[in-house]
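Some notes on the structure that comes next.
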2 protein chains.
Amino acid sequence: MAPERHQAVAAGPAATRRRADARRSIAAILDAALASLSTSPEVNVAEIARAAGVGRVTLYGHFPTREALVDATVAHAIAHTSRALDAVDLESGPAPQALARLATSSWQILNQHRQLMAAGMRHLGTERMRAHHDQALDRVRALLARGRADGDIRTDLPADWLITTYYALLHAAAEEVNAGRLDPREAGHTVAATVTAALRPPP
Amino acid sequence: MAPERHQAVAAGPAATRRRADARRSIAAILDAALASLSTSPEVNVAEIARAAGVGRVTLYGHFPTREALVDATVAHAIAHTSRALDAVDLESGPAPQALARLATSSWQILNQHRQLMAAGMRHLGTERMRAHHDQALDRVRALLARGRADGDIRTDLPADWLITTYYALLHAAAEEVNAGRLDPREAGHTVAATVTAALRPPP
DNA sequence: CTTAACTCGAACAGAGATGTTCGAATTAGG
DNA sequence: CCTAATTCGAACATCTCTGTTCGAGTTAAG
């Protein structure tokens, strides 16, 4: 009778244990929202529900508002990305090489989430986005710190700017590949060469 | 009686000579649209009209649809930018220095139009945007070609990618300043140093 | 098997945005 | 001064999106 309780999906540890089909629906919705929002940040909720193979009412049953859905989707994407990047070895070898490895491993996935992040910015505000993003940035931050200590990374510019440079170049490469202006097979090497040059200590 | 004829503003050379107050209205609308769309690409037409100090009906009199308005605003912004960048000396001295001059002169203005470009992308499609943008890119393209001929700019990566790198770093700097994470007074020097390093021939 | 949880389509209410129409009041231009 | 161009507010029709409600059917779980 009262099937939808608007129990926030991202609820705390006291969250009610959901039934198997409910969990299946939620997973399908998050996947569909991730895919849909990543290609077009303005899709409406009905479209996302359709893509998830789920009724619109069901979606609203799990995510009370569009904002809640976007928020949960962003969290989902962050977790997804973080898991994928955990596989990259950042410890061994000089920092620039490790950075190149990280770059070649992550430019595609970062691009996939680019539009989603735009949607998040618009609907959730900068603050909430920044908190999520920082988690991913820490990975690079630590690596750059090691490189600076070893003298392999330039120290004449702010550390935050170097991180920004890294991400900006990754995003740019992904965009260029997307637009067909850069060969996907060359992209990894190209972005690595550019990042390395940009972050190398000046002569 | 029939005051609004929906004569396209961007009409060809045979465009009807408009009265002075009409031209004033159009200018006010374009300025307001530029400002409004630049800060928030989703503003509605009513808001733009209000910002222009003009009735909504008047706006629709000159721009038959929202799309036509966005299109005209983009053209307006491109012209504005191009005029501002014409003042930069790109001929004298080594290409990297000229590039640094161009960078420090243009990162602010590029950022101001960033959101507008996003709106254009969404409402006009990639094609129409790309055509406009290419005009501005040519300026950099020529400069990089000169630098490559002189041996001041790297030739181991595609020329188009170097252009992309340049713009990506400019946009990133503008974003960082916007977010308060980069000192505006440092931004010019910072972005110039980074661009120079990224485009320098590798050792 | 029994019950509570879940799903679903259809339909509704409300908000907001886009364009249009009308009629009256200004205003530029010759 | 005369006329046609222009502006304006108010009101209307239409569309799309969000979020809700209802009632009936389906499914997991014990």
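Sequence lines set the chain letters: A, B, ... in the order given, protein chains first and strands last, and positions in each chain run from 1.
The base of D:dT6 does not come close enough to the side chain of B:Arg18 for any donor and acceptor atom to sit less than 3.5 Å apart.
Among the nucleotides C:dA4, C:dG29, D:dT7, the one closest to the side chain of A:Arg19 is C:dA4. Of the candidate nucleotides C:dG29, D:dT27, C:dG19, C:dG29 has the atom lying nearest to any side-chain atom of B:Ala20. Distances were taken from every side-chain heavy atom of B:Asn44 (C-beta onward) to each of C:dG29, C:dT18, D:dT7; the shortest belongs to C:dT18. Closest to the side chain of A:Arg23, from the set C:dA28, D:dA29, D:dT18, is D:dA29. Set against D:dG19, C:dT18, D:dC8, the side chain of B:Tyr60 has C:dT18 as its closest nucleotide.
No side-chain heavy atom of B:Thr165 sits under 4.5 Å from any side-chain heavy atom of B:Val195. Counting heavy atoms from C-beta outward, A:Leu144 and A:Tyr166 have side chains that stay 4.5 Å or more apart. Between A:Val70 and A:Glu67, the closest side-chain pair of non-hydrogen atoms is not below 4.5 Å.
B:Ser25 has a side-chain polar atom (N or O) that falls below the 4.0 Å cut-off from OP1 or OP2 of D:dT7. For the pair A:His62 and C:dT7, the criterion of a side-chain N or O lying under 4.0 Å from OP1 or OP2 is met. Between D:dT18 and A:Thr65, no contact under 4.0 Å exists linking OP1 or OP2 to a side-chain N or O.
Between B:Asp21 atom CG and C:dA25 atom P the separation is 18 Å, expressed in whole Å. Look at CZ on A:Arg24: it is 12 Å from C1' on D:dT26, rounded to the nearest Å. What separates CD1 of A:Ile48 from C1' of D:dG19 is a distance of 15 Å, to the nearest Å. Protein atom CD of B:Glu67 is 16 Å distant from nucleotide atom C1' of C:dA17, rounded to whole Å. At whole-Å resolution of the value, CD in A:Glu42 and P in D:dT16 are 16 Å apart. If you take CD of A:Glu47 and C1' of D:dT18, they are 15 Å apart, rounded to a whole angstrom. Summarising the geometry, the separation between CZ on B:Phe63 and P on C:dT18 is reported as 15 Å, rounded to the nearest angstrom. When rounded to the nearest whole Å, the span between CG of B:Leu59 and C1' of C:dA17 equals 14 Å.
A salt bridge links B:Asp160 and B:Arg141; the closest N-O separation between the charged side-chain nitrogens and carboxylate oxygens is under 4.0 Å. Using a 4.0 Å cut-off between a side-chain N of Lys or Arg and a carboxylate O of Asp or Glu, B:Arg139 and B:Asp86 qualify as a salt bridge.
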Grab the N/O contacts between the protein and nucleotides 10-12 of chain C below 3.5 Å, and write none if there aren't any.
{"from": "C:dA11", "atom 1": "N6", "to": "A:Arg56", "atom 2": "NH2", "distance (Å)": "3.4"}

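Side chain of A:Arg56 to main chain of A:Val45: no donor-acceptor pair is present (N/O by atom type, distance under 3.5 Å, no hydrogens or angles). Proximity of a side-chain donor or acceptor of A:Arg23 to a complementary backbone N or O of A:Arg17 within less than 3.5 Å is not detected.
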Show, in sequence, the C-alpha distance, side-chain angles and deciding distance for B:Leu99 and B:Val140, and conclude whether the side-chain contact (heavy atoms from CB on, under 4.5 Å) test is met.
CA-CA 8 Å; B:Leu99 206 58; B:Val140 181; 4.3 Å; yes
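Between B:Ala46 and A:Gly55, the residue anchored closer to the 5' end of DNA chain C is A:Gly55, taking for each the nucleotide with the nearest heavy atom.
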